[in-house]
Amino acid sequence: MRRAIRLVIFGRQGAGKGTQCSRLAEHYHVPHISTGDILRAAVDEGTGFGLKAKAYMDAGELLPDDVISGVVDERLRKDDTRQGFLLDGFPRTVAQAEALIDMVGEDGVDLAIDIDVPIRVVTQRMRLRGRDDDTDEAIRVRLETYEVETRPVLDFFDDLEKLVVVDGDGTEEEVFERIVDSIGRHAPA
Ligand code: AMP
């Protein structure tokens, strides 16, 4: 049996991260743990926690680090993560990255992958999507927020020598193959 693989995936909005995460989770037979999906499910269920989360999400703000780290800690304790996991949307801050390492240990993450698509290209993609919340200004603010918040987290994994940057400019298939190839080279099964 293939060794369990533990991945953390990063990418700007419009980099195709969601699609790649679904495909990778299927390919490696690991649970796709998306904090955004977990929170949206809690909102839909209308739990007290869901209501609190919704307030942050509607305001476009991040939940407090200890709260979201608690959510991930609980999820990672489930049995299915013994076969590995793919984290999507977490960690988003250095405090969350530190919390993750506390949960799983430094050897508990194999690779952090940054799906890198130039700002010019993602901006163009988001414009073409034409969603109401995709005004030029909204796109600019979201990309800037990502840069400010996520760059230090990428640096955190780079310092641990776990960061791999994959060129995300290409077709879905091309990018998928590049990521799988990169995982094969940096975290061989
Ligand atoms: P996403 O679908 O990943 O963009 O997440 C949607 C929203 O959920 C975000 O805008 C945040 O409000 C919240 N959220 C998701 N992941 C995190 C996280 N790691 N830390 C804090 N808030 C998060």
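Order of listing sets the numbers, starting from 1, for every ligand and every atom in it.
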Quiz prompt | Centroid-centroid under 6.0 Å between His32 and Phe85 rings | solution = no
Quiz item: If you draw the axis of the six-membered ring of Tyr146, does the NZ or CZ of Arg12 fall within 45° of it and under 6.0 Å from the ring centre?
Solution: no
Please list, one pair per line, the donor and acceptor atoms closer than 3.5 Å that link side chains of residues 47-57 to other protein atoms, with sequence neighbours excluded.
unit_1	atom_1	unit_2	atom_2	d
Thr47	OG1	Gly50	N	2.9
Lys54	NZ	Asp58	OD2	2.7

Quiz item: Mind checking whether Phe157 and Phe10 have parallel, tilted or perpendicular rings, split at 30° and 60°?
Solution: tilted
Practice problem: Determine the minimum heavy-atom distance between Val153 and Ala97, stating which atoms define it. | Solution: CG1-CB, 4.2 Å
Exercise. Would you check ligand 1 and list the protein residues that come within less than 4.0 Å of it by any heavy atom, ordered by chain and number?
Key: Thr35, Gly36, Leu39, Arg40, Met57, Glu61, Leu62, Leu63, Ile68, Gly89, Phe90, Arg92, Gln96
Practice problem: Could you tell me whether Glu26 atom CD has more than 12 heavy atoms of other residues or ligands within 6.0 Å of it? | Solution: no
